[in-house]
Amino acid sequence: MSNYFVTTATPYVNAEPHIGTTLDFLYADVLARAARAQNKPVLFSTGTDEHGGKIAEKAEEMGITPKEFADKMSQNFRDLAKTLNISNDRFIRTTDPGHEQRAQLIWKALQKDIYKGKYIGWYCTGDEAFFTEAVVKANNGVCPNHNRKYEKIEEENYFFKLSSYAPKVLEAIESGEFKIVPETKKNEILQVYKDGLEDISVSRPKSKISWGIPVPGDDTQVMYVWFEALMNYLTVLGYPEHEDFKKFWPANVQVIGKDILRFHAAVWPGMLTAIGLPLPKMLYAHGFITVNGKKMSKTLGNVIKPNQIIDEFGVDAFRYYFLRHIPSYTDGDFNQDRFLAAYNNELANELGNSVQRTAAMITQYQNGIIGNVPEAEHDQAQYADAIEKCQFDRALDDVWGQVRGLNQYIEEEKPWAISKTGDKDHLSEVLAYQVSCLLEIANMLSPFLPETAQKIRYIFEEGIIRPTKTTLFPRKEAQEQG
RNA sequence: GGCGGCGUAGCUCAGAUGGUUAGAGCGCAGGACUCAUAAGCCUGAGGUCACUGGUUCAAUUCCAGUCGCCGCUACCA
């Protein structure tokens with residue numbers, strides 16, 4: 001069995017998580033759970049990115065140390081992972097001593113490709129990123145993302161020779177050795193390569209930003225936060241000496257949002273190539289979530305926190321909507337009506353009710369005794385293929401095809417009518433087949449809706465119906481807006 | 001400015017290497033049933049597949065152009 005390593009990006013702890021933040025978690029979690037279901041040894045890592053000027057700035061505003069601030073903010077993400085029932089094995093923080101030490105080892109490994117140069121450019125502390133003269137000019141000197149002035153930076157920095165490695169990485173992307181999905185994102189990044197990649201600045205003077213990992217051998221500089229954050233994918237495995245690193249690198253899938261494609265499809269593979277490590281097998285860049293068709297923003301006041309939904313509908317309903325109704329390959333929209341419709345029609349009526357009616361009939365007609373449950377028989381090739389390609393929405397479409405198929409089967413066979421004929425064998429056969437379908441559905445659902453899958457198994461897997469206190473997904477009435 | 005994507009039923013989206021009546025789900029209308037969370041099942045009404053032109057026996061599907069939306073990227077200055 002081949003080892004399976006999946007990562008999420010490490011969110012920057014400058015803001016509290018919202019529903020957009022959950023996508024990384026959910027997608028990677030499905031991959032990890034699906035791989036475990038195949039008995040692969042899995043390592044699933046997530047974590048938080050915590051250095052940089054912006055964090056220091058915010059901490060100062062609050063009158064606490066950057067570490068105190070980061071501790072607090074990081075905990076929000078850890079809590080979120082828990083709330084979402086994410087099965088990560090590790091949660092790495094870029095302020096972990098282990099990360100800081102190993103990041104320095106990676107820096108040393110890259111030393112041959114790092115040189116000192118003069119950097120002239122514009123920087124936005126909000127983005128923790130540099131911008132070209134052109135962009136700054138176009139925005140009249142004010143960063144539109146954060147409504148603050150770009151800082152003109154003119155200083156001595158270390159540079160990484162990204163340009164030397166671009167051709168090799170490009171080759172890996174084109175050959176599919178390093179897959180980038182979806183295709184549109186791959187094309188975008190190919191264009192970037194075609195336009196040419198320049199060396200990048202990878203440090204900042206400590207005098208300006210002290211909240212960072214020191215550059216080995218130069219007390220006056222700290223590593224540029226982005227450069228160092230990327231290293232978490234190796235440090236979390238205990239690079240360079242730990243057994244896990246040998247076992248799990250390269251990553252099978254790295255899940256990211258589309259906004260950080262460039263870092264992960266250009267800078268990161270460049271670093272890996274420089275160190276002489278293989279590239280991840282796949283990079284999956286998902287889209288963004290809008291709310292009622294509008295971008296979430298504090299100023300619009302339409303930011304939705306996951307708990308607003310989970311508290312009322314449960315974690316699996318949340319997972320379900322975001323995994324099936326937010327398209328896996330493009331941006332998607334969240335709105336209350338569609339969420340409620342999906343919840344009632346698909347979870348409560350189609351799935352929940354099929355469980356309920358099956359259990360009820362077996363209880364009524366056979367005293368709860370489930371007959372001989374046949375082997376699952378449906379073809380799962382499409383489903384498996386969809387997960388492989390990170391088309392989670394399609395995989396769930398496929399599962400729902402089976403849920404509907406089951407309801408149709410029940411209508412065709414009419415077990416309630418059979419029960420009146422007294423043909424007990426036939427009745428038992430039909431009901432057992434229903435159970436077989438439900439257990440199969442539970443299996444397919446388990447990476448997506450682990451609790452639900454567990455509940456279905458609980459009810460049916462022991463040969464006799466085990467009643468539960470509550471229905472799977474109680475119907476919810478529409479609420480007045482507001 | 002360059003590169004790329006999108007524009008298909010009221011809504012969200014599939015799809016077609018060009019060829020009989022263009023698909024799904026939601027929503028809407030009607031029907032038969034009763035095991036079930038007033039759930040499930042069946043049937044139906046809705047589309048000149050953005051617009052214009054071209055290639056072709058035949059285009060919504062290929063090509064070009066136009067309009068609209070979006071993404072990446074560059075620069076004149």
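Per chain, numbering begins at 1; letters A, B, ... match sequence-line order. In this text, all values refer to a predicted model and were calculated from it rather than measured experimentally.
Ring geometry for Y115(A) against F159(A) counts as parallel: the plane angle stays under 30°, on a 0 to 90° scale with 60° as the upper cut.
An OP1 or OP2 oxygen of rA36(B) is reached within less than 4.0 angstrom by a side-chain nitrogen or oxygen of Q364(A). Considering only side-chain N and O atoms, R475(A) lies under 4.0 angstrom from the phosphate OP1 or OP2 of rA39(B). Between Q356(A) and the phosphate of rG40(B), there is no side-chain N or O to OP1/OP2 separation shorter than 4.0 Å. For R404(A), no side-chain nitrogen or oxygen approaches OP1 or OP2 of rA24(B) to under 4.0 Å. In terms of phosphate contacts, N345(A) brings a side-chain nitrogen or oxygen within less than 4.0 Å of OP1 or OP2 of rG27(B). Distances shorter than 4.0 Å separate some side-chain N or O of N349(A) from OP1 or OP2 on rG40(B).
rG40(B): glycosidic angle beyond 90° from 0, hence anti.
Remark: the Q191(A) side chain and the rG4(B) base include no donor-acceptor N/O pair separated by less than 3.5 Å. Taking only distance into account, the side chain of N353(A) meets the base of rA36(B) through a donor-acceptor pair shorter than 3.5 Å.
Between the CD atom of Q408(A) and the P atom of rG25(B) there is a distance of 10 Å, rounded to whole Å. Note: CH2 (W416(A)) to P (rA39(B)) measures 16 Å, nearest angstrom. Atom P of nucleotide rC13(B) and atom CG of D331(A) are separated by 10 Å, given to the nearest angstrom.
Separation of the P atoms belonging to rG68(B) and rC42(B) is 45 Å when rounded to the nearest angstrom. Rounded to whole Å, the separation between the P atoms of rU73(B) and rU60(B) comes to 37 Å. Straight-line distance between the P atoms of rA50(B) and rA16(B): roughly 16 Å, to the nearest whole Å.
Distance check, rounded to the nearest 0.5 Å: CD1 of I289(A) to CD1 of I304(A) gives 9.0 Å. The distance from atom OG1 of T46(A) to atom CD1 of I86(A), rounded to the nearest 0.5 Å, is 8.5 Å.
Aromatic rings from Y321(A) and Y343(A) are positioned such that their centres are separated by 6.0 Å or more. Taking the six-membered ring for Trp and the full ring otherwise, the centers of Y409(A) and Y433(A) sit less than 6.0 Å from each other. Checked against the 6.0 Å centroid criterion, the rings of H286(A) and Y329(A) do not qualify as a close aromatic pair.
Between K414(A) and I418(A), every side-chain heavy-atom pair lies at or beyond the 4.5 Å cut-off.
Summary of the strand contacts: L472(A) and T330(A) both lie near RNA chain B, and taking for each the nucleotide with the nearest heavy atom, the more 5' one is attributed to T330(A). Comparing K414(A) and S354(A) against RNA chain B, the residue whose closest nucleotide sits nearer the 5' end is K414(A).
In this structure, E188(A) reaches the sugar-phosphate backbone alone: every heavy-atom distance under 4.0 Å involves primed, P, OP1 or OP2 atoms, never a base. The residue R394(A) sits close only to the backbone: its heavy atoms come under 4.0 Å of sugar-phosphate atoms, none of a base.
When base pairs are accepted only as Watson-Crick or G-U wobble with both N-N or N-O distances under 3.5 Å, RNA chain B takes part in stems of 3 or more pairs at B:1-7 with B:67-73, B:10-13 with B:23-26, B:28-31 with B:41-44, B:50-54 with B:62-66.
Counting only heavy atoms from C-beta on, R338(A) has its side chain closest to rU12(B) among rU12(B), rU73(B), rC41(B).
For Y224(A) and N157(A), the side-chain atoms include no donor-acceptor pair closer than 3.5 Å.
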